[in-house]
Protein chains: 2
Amino acid sequence: MTTDRLRGLIETTAGELPPLTVELVRDLEIPEQMTIADVAALTGLSAHTLRYYERIGLVEVPRDGAGRRVYDREAVGRVVFITRLRDSDMPIAAIARYVELVKQGPDTEPERLALLEAHREDILHRLRDLQGALAVVDYKITTYGGSCGS
Amino acid sequence: MTTDRLRGLIETTAGELPPLTVELVRDLEIPEQMTIADVAALTGLSAHTLRYYERIGLVEVPRDGAGRRVYDREAVGRVVFITRLRDSDMPIAAIARYVELVKQGPDTEPERLALLEAHREDILHRLRDLQGALAVVDYKITTYGGSCGS
DNA sequence: GGTTGCCTTCGAGTGCGCTCGAAGTCCTAC
DNA sequence: GTAGGACTTCGAGCGCACTCGAAGGCAACC
């Protein structure tokens, strides 16, 4: 049961930039084999959600003799990657498309790149929206809970 | 029909910071009376959505003799404010709560302020998420449509 | 006076992303 | 050997924020 160590790892890495990269999964001593509960603790996703992601084809997860999921580093890395994209509101359909392209082999790299670049634009747009909204909220706060229509 | 002039106004203000503030509604020559179609053109919301916002109590909109909505400046200002909050993913329930507090009078200013400050924290959190995701996507783009698990 | 077109209400439907519950299996500890 | 708990599959349900369609009203123009 590695969950306790993982909890520590999560605490020490939380808040850093980037807060849980794929590189961390590779470089830090994340175990080669993880249960679904371990991955849930690591990523903050629920086990239900992890099963859902597998069900809709975003990850393939090996099983042990009893049919239980055994997440290897590749699976964990992919889950982490997916959560990063989800954190930026990338639709699951787009992530699924990306994963599909990866499965199809290296010929699809241009389309993958295009997909990522389109998403990059989305992120930049969202950033601008949020900064605008932040300005509005800050204005309201500094001028004291104003009349809402104003 | 003021829609054409509004279109021009929208074009000239689009992309500025902040891109359509409540102040613009007050200061620029936005007409005193607007139809639902005008407000839809101004805000980018659909007429359906505008009716929905009214239905759930986010705005009150005066009517003409025939029962049609006539948006005055206060109503337009509130719709613009709501869209700014929605752009930052503030849940409709929270916006409704805020509007409710405004209705209840000036005694509720502390709670309004608390609500805005909580939302401000949410926005900052979302900004960090997005910046992290942007870093991941940029990394993927610069290292060429990598293997997705990586 | 008909047609066009935007407006009205009301209720139901949609899409997304989970989220849950039931029923059963398997390993571990006592 | 049995109790507990974490796991499995499957399908259904949920919450949010719209989104749509039907059926009808009113005004303006030809």
Side-chain angles (χ1 to χ4, degrees), chain A residues 1-4 6-7 33-71 75 79 82-99 119 122 126 129 133, chain B residues 1-4 6-7 33-71 75 79 82-99 119 122 126 129 133:
Chain A
M1 206 54 37
T2 57
T3 307
D4 282 348
L6 284 176
R7 265 190 238 289
Q33 314 258 64
M34 295 178 79
T35 68
I36 195 169
D38 293 334
V39 178
L42 180 70
T43 60
L45 301 174
S46 72
H48 276 303
T49 300
L50 287 168
R51 286 187 208 105
Y52 167 71
Y53 283 174
E54 183 184 1
R55 195 159 76 219
I56 63 176
L58 296 190
V59 215
E60 281 172 24
V61 185
R63 307 303 170 105
D64 66 9
R68 292 190 180 154
R69 288 167 181 82
V70 179
Y71 285 77
V79 168
I82 292 166
T83 53
R84 302 301 268 138
L85 295 181
R86 288 292 306 128
D87 283 347
S88 59
D89 291 332
M90 188 169 185
I92 284 198
I95 301 176
R97 175 78 186 135
Y98 186 88
V99 168
H119 182 55
D122 281 354
R126 295 278 309 127
D129 276 357
Chain B
M1 202 56 38
T2 56
T3 307
D4 282 348
L6 284 176
R7 264 191 239 289
Q33 314 258 67
M34 294 178 79
T35 68
I36 194 168
D38 293 334
V39 180
L42 180 70
T43 60
L45 301 174
S46 72
H48 276 302
T49 300
L50 287 168
R51 287 187 206 106
Y52 167 71
Y53 283 174
E54 184 184 2
R55 196 160 74 220
I56 64 176
L58 296 190
V59 216
E60 280 172 25
V61 185
R63 306 303 169 107
D64 67 9
R68 292 187 182 156
R69 288 168 181 82
V70 180
Y71 284 77
V79 169
I82 291 166
T83 53
R84 301 301 267 136
L85 295 182
R86 288 291 307 127
D87 283 348
S88 60
D89 290 333
M90 189 169 185
I92 283 200
I95 300 175
R97 175 80 187 134
Y98 186 87
V99 167
H119 182 56
D122 281 356
R126 295 277 309 124
D129 275 358

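Throughout, a chain's letter reflects where its sequence line sits, starting with A, and its residues are numbered from 1. We use all heavy atoms of the structure for the numbers below, so side chains are in, but hydrogens, waters and symmetry mates are not.
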To the nearest angstrom, how far is [X] atom [atom1] from [N] atom [atom2]?
| X | N | atom1 | atom2 | answer |
| --- | --- | --- | --- | --- |
| B:E54 | D:dC18 | CD | P | 16 Å |
| B:I56 | D:dT19 | CD1 | C1' | 14 Å |
| A:M34 | D:dA6 | CE | P | 17 Å |
| B:L45 | D:dC18 | CG | C1' | 11 Å |
| A:L50 | C:dC20 | CG | P | 14 Å |
| B:D87 | D:dA17 | CG | P | 13 Å |
| A:D89 | D:dA17 | CG | C1' | 14 Å |
| B:H48 | D:dC20 | NE2 | P | 7 Å |

- prompt: What distance separates B:D64 CG from B:R69 CZ, expressed to the nearest 0.5 Å?
  reply: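 CZ of B:R69 is found 11.0 Å from CG of B:D64.
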
- prompt: How long is the gap from CD1 on A:I95 to CG on A:L85, to the nearest 0.5 Å?
  reply: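 With rounding to 0.5 Å, CD1 (A:I95) is 5.0 Å from CG (A:L85).
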
task: Describe the nucleic acid contact of B:R51 in one word from base, sugar-phosphate, nothing, applying a heavy-atom distance below 4.0 Å.
output: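 It contacts base atoms.
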
- request: Using a heavy-atom cut-off of under 4.0 Å over every strand shown, decide if B:R55 touches base, sugar-phosphate, or nothing.
  value: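 Base contact.
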
message: Between B:I36 and A:Y52, which residue's closest nucleotide on DNA chain C lies nearer the 5′ terminus?
response: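 Going by which nucleotide is closer to the 5' end, it is B:I36.
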
message: Is the shortest side-chain heavy-atom distance between A:I36 and A:R51 below 4.5 Å?
response: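 With C-beta onward as the side chain, the pair touches.
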
- prompt: Hey, does A:Y52 have a side-chain heavy atom less than 4.5 Å from the side chain of A:L58?
  reply: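 Not touching, per the 4.5 Å side-chain cut-off.
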
task: Check every atom of D:dT8, C:dC27, C:dT8 against the side chain of A:A66 and return the nucleotide holding the closest atom.
output: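 The listed nucleotide nearest to A:A66's side chain is C:dC27.
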
Does [N] have its OP1 or OP2 closer than 4.0 Å to a side-chain nitrogen or oxygen of [X]?
| X | N | result |
| --- | --- | --- |
| B:R68 | C:dG5 | no |
| A:R63 | D:dT9 | yes |
| A:Y53 | C:dC18 | yes |
| A:R69 | D:dT8 | yes |
| B:T35 | C:dC6 | no |

- prompt: Does a side-chain N-to-carboxylate-O contact under 4.0 Å join A:R126 and B:D89?
  reply: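 Yes, charged N to carboxylate O under 4.0 Å.
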
